[in-house]
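The structure appears below as structure tokens.
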Amino acid sequence: MALDPETFDALIGTIRRFVAQRLRPLEERVAEEDEVPEEIVREMREMGLFGLSIPEEFGGLGLTMGEEVRVALEFGRTTPAFRSVFGTNVGIGSQGLVMAGSDAQKAEWLPRIASGEIVTSFALTEPGAGSDGASVQTRALRDGDVYKLSGSKRFITNADKASLFTVMARTGGEGASGVSAFLVPADLPGVSIGKPERKMGQQGAHVCDVNFDEAPVPAANRLGAEGEGFKIAMRVLDRGRLHIAAVCVGIAERLIADAVAYATERRQFGKALSDFQLVQAMIADSKTETMAARALMLETAALKDAGQPITLEAAAAKYFASEMVGRVADRAVQIFGGAGYIADYGIERLYRDVRLFRIYEGTSQIQQLVIARETIRNGG
Ligand SMILES: Cc1cc2nc3c(=O)[nH]c(=O)nc-3n(C[C@H](O)[C@H](O)[C@H](O)COP(=O)(O)OP(=O)(O)OC[C@H]3O[C@@H](n4cnc5c(N)ncnc54)[C@H](O)[C@@H]3O)c2cc1C
């Protein structure tokens with residue numbers, strides 16, 4: 001159920017101030033230290049950000065998709081590592097449980113996920129299974145009341161902070177129908193987490209390996225029936241892709257604002273850069289593409305809230321918005337000239353940060369395959 005418009009507007013106003021006044025001044029520090037300060041995480045908990053998408057009966061805000069993307073958009077106006085702090089609790093880490101969990105599983109975990117007392121992660125990718133997620137080799141072997149879980153996951157966002165993983169593991173034969181989903185507490189024996197990887201961008205958001213060595217996962221922690229895990233993962237990703245599209249639009253809007261401010265201030269040949277039509281063309285292209293991505297993203301969110309399937313639309317929104325923000329970031333570097341390449345101006349950092357959006361939650365090529373498959377299936 002949607003919040004009443006006044007409450008929602010107040011929430012957006014609070015978030016806008018939080019982003020502008022608390023987060024943006026910390027961008028450089030977070031990039032240098034590769035860590036979001038604990039006091040910021042605490043403030044995020046107090047604002048209810050960890051529970052944006054968790055139903056109200058479990059202590060979350062229960063936002064609609066249309067509302068959630070508006071929040072994601074606001075968080076696009078600062079370094080995307082801040083959103084990652086609560087991003088997995090709102091999206092890929094919790095939504096398998098929200099969609100397919102039993103009443104007992106929800107009651108056990110969702111209140112603590114919503115409050116941010118615990119962090120959740122989503123563990124699909126493996127060294128041998130990336131774009132081909134249905135080929136996971138991590139095994140869950142039934143042994144009485146438990147499944148013995150063995151295998152390795154990699155590039156798992158927030159793994160070093162997570163208390164709970166949604167893990168996709170093989171319980172049956174080859175292919176998607178042999179995959180099941182499990183809620184795996186991080187403190188089970190046999191679960192170990194690797195060191196955070198060094199990355200191109202988004203410092204402050206960590207990814208690690210997660211290893212399982214015969215970890216005894218209670219059978220009661222299976223999400224849905226055996227063999228439903230891959231389907232659950234794909235439904236989770238449909239939603240996640242739309243959320244990522246919103247973040248991309250927010251960052252594009254930030255980059256355009258920064259580029260326009262710089263182009264208006266900086267003078268060459270006796271004029272502001274913004275007076276040159278070749279610079280104006282870059283601003284116009286960035287603005288137009290951002291508006292198009294925003295419209296596609298909002299329309300897809302409305303479809304989801306109307307109960308329609310969004311597999312095609314979410315893939316298209318993520319594909320277009322992530323490619324778009326890459327082009328916008330590239331033009332922003334160009335408008336800043338040499339300063340665009342220098343760390344102090346912050347533009348090169350955002351340029352590196354946005355590169356990830358074309359890769360995770362399905363690469364651009366995988367989105368193209370989904371869009372084509374769905375379009376052909378629908379007869380155009
Ligand atoms: C910072 C970061 C955070 C991440 N967080 C998570 C997380 O929380 N949980 C999780 O499970 N995973 C996570 N991932 C993993 C991410 O989803 C994968 O990296 C991504 O899906 C691509 O898989 P891969 O890296 O194995 O690349 P590959 O699948 O090896 O792909 C390499 C290249 O081949 C292309 N390719 C592959 N198959 C095809 C095809 N059929 N047709 C055309 N081109 C193809 C790809 O598009 C890509 O360009 C994260 C990754 C990063 C970098």
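For the numbers below, each heavy atom of this structure counts, side chains included, while hydrogens, waters and symmetry mates do not. Since we're looking at a predicted model, the values are computed, not measured.
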| said: Using only atom types and a distance under 3.5 Å, with no angle test, would you say the side chain of Ser150 pairs donor to acceptor with the backbone of Glu214? | reply: yes
| query | Which heavy-atom pair separates Tyr341 from Glu348 by the least distance, and what is that distance? | reply | O-CG, 4.0 Å
| query | Sub-3.5 Å donor-acceptor pair from the side chain of Arg112 to the main-chain atoms of Glu108, do we have one? | reply | yes
| task | For Gln203 and Glu32, indicate whether the former's side chain and the latter's backbone hold a donor-acceptor pair under 3.5 Å. | result | no
| message | Checking side-chain polar atoms at under 3.5 Å, does Thr290 have a donor or acceptor matched by the opposite partner on Glu253? | response | no
| Glu38 CD: over 12 foreign heavy atoms closer than 6.0 Å | yes
| query | Could Arg24 and Asp258 be called an ion pair, given the rule that one side-chain N must be under 4.0 Å from one carboxylate O? | reply | yes
| query | If you measure from the Lys or Arg side-chain nitrogens to the Asp or Glu carboxylate oxygens, is any gap between Glu361 and Lys318 under 4.0 Å? | reply | no
| Short side-chain to backbone donor-acceptor contact, Asn221 and Leu183, under 3.5 Å | yes
| said: Show the nearest heavy-atom pair for residues Asp34 and Ala205, with the distance to one decimal. | reply: OD1-N, 4.3 Å
| query | Has the side chain of Glu67 got a donor or acceptor atom that lies under 3.5 Å from a matching backbone atom of Leu3? | reply | yes
| Salt bridge present between Glu126 and Arg170 (N-O < 4.0 angstrom) | no
| Are Arg22 and Glu46 within salt-bridge range, i.e. N to O under 4.0 Å? | no
| query | If you look at every heavy atom in Ala246 and Ala72, which pair is closest and at what distance? | reply | CB-CB, 3.8 Å
| If you round to the nearest 0.5 Å, how far is CZ of Arg239 from CD1 of Ile92? | 11.5 Å
| request: Work out which heavy atom in Lys199 is nearest to a heavy atom in Val207; give both atom names and the distance. | output: CD-CG2, 3.8 Å
| query | What do you reckon, is CG of Asn378 surrounded by more than 12 foreign heavy atoms closer than 6.0 Å? | reply | yes
| task | Would you name the heavy atoms of Pro189 and Pro216 that are closest together and state the gap between them? | result | O-CD, 3.4 Å
| request: Check for a donor-acceptor pair, side chain of Lys153 on one end and backbone N or O of Met168 on the other, with a separation under 3.5 Å. | output: yes
| request: Identify whether Ile12 and Phe82 are in the same connected component of the hydrophobic contact network (ILVMFWY, side-chain heavy atoms under 4.5 Å). | output: yes
| field | Arg222 and Ser180 side chains, donor-acceptor separation under 3.5 Å | value | no
| field | Heavy-atom donor-acceptor pair, Asp305 side chain to Gly66 backbone, under 3.5 Å | value | yes
| request: Take Lys161 and Glu35, measure what salt bridge (charged side-chain N to carboxylate O under 4.0 Å, His left out) needs, and give me the verdict at the end. | output: CA-CA 12 Å; Lys161 311 230 165 33; Glu35 200 69 65; 3.1 Å; yes
| field | Pair Leu97-Thr166, side-chain contact (heavy atoms from CB on, under 4.5 Å): steps then yes or no | value | CA-CA 8 Å; Leu97 174 54; Thr166 304; 5.7 Å; no
| request: Show the numbers, then the answer: is there a side chain to side chain donor-acceptor pair (under 3.5 Å) between Asn89 and Ser94? | output: CA-CA 5 Å; Asn89 274 36; Ser94 71; over 6 Å; no
| With ring centroids as reference points, do Phe86 and Phe75 lie under 6.0 angstrom apart? | yes
| note | Taking every heavy atom of Ala215 against every heavy atom of Val191, the minimum-distance pair comes out as CB-CG2, 3.9 Å
| task | Please list all pairs passing the side-chain hydrogen bond (donor to acceptor under 3.5 Å, both in side chains) test where one or both residues lie in residues 7-21, with sequence neighbours left out. | result | Asp4-Thr7, Arg16-Glu74
| request: Apply side-chain contact (heavy atoms from CB on, under 4.5 Å) to the pair Cys208 and Ile156, showing each step before the final yes or no. | output: CA-CA 5 Å; Cys208 312; Ile156 306 307; 5.9 Å; no
| Checking side-chain contact (heavy atoms from CB on, under 4.5 Å) for the pair Glu117/Arg45: CA distance, chi angles, key distance, verdict? | CA-CA 8 Å; Glu117 181 191 331; Arg45 280 195 204 104; over 6 Å; no
| Joint hydrophobic cluster, Ile232 plus Phe230, side-chain heavy atoms closer than 4.5 Å | yes
| query | Do the side-chain N and O atoms of Ser364 and Glu323 include a donor-acceptor pair separated by under 3.5 angstrom? | reply | yes
| With distance as the sole test, does Glu197 use its side chain to make a donor-acceptor pair with the main-chain N or O of His206 at under 3.5 Å? | no
| task | Just do the side-chain contact (heavy atoms from CB on, under 4.5 Å) check on Leu242 and Met297 with the steps written out, would you? | result | CA-CA 7 Å; Leu242 187 51; Met297 178 273 290; 4.1 Å; yes
| request: Decide whether Asn158 and Ser121 meet the rule of one side-chain donor and one side-chain acceptor closer than 3.5 Å. | output: no
| Ignoring hydrogens and geometry, is there a side-chain-to-backbone donor-acceptor pair from Asp353 to Gln202 under 3.5 Å? | yes
| Do side-chain atoms of Thr363 reach the backbone of Ile366 as a donor and acceptor pair under 3.5 angstrom? | yes
| query | Shared ILVMFWY cluster between Val167 and Val119, side chains joined below 4.5 angstrom? | reply | no
| query | Just wondering, are more than 12 heavy atoms of other shown residues or ligands nearer than 6.0 Å to OH in Tyr345? | reply | no
| Short N-O contact, Glu374 and Arg377, less than 4.0 angstrom | yes
| query | Is the count of non-hydrogen atoms from other residues, nucleotides or ligands lying under 6.0 Å from Met291 atom CE greater than 12? | reply | no
| remark: Which of Arg83, Glu27, Arg254 passes side chain to side chain donor-acceptor pair (under 3.5 Å) with Thr78? It is Glu27
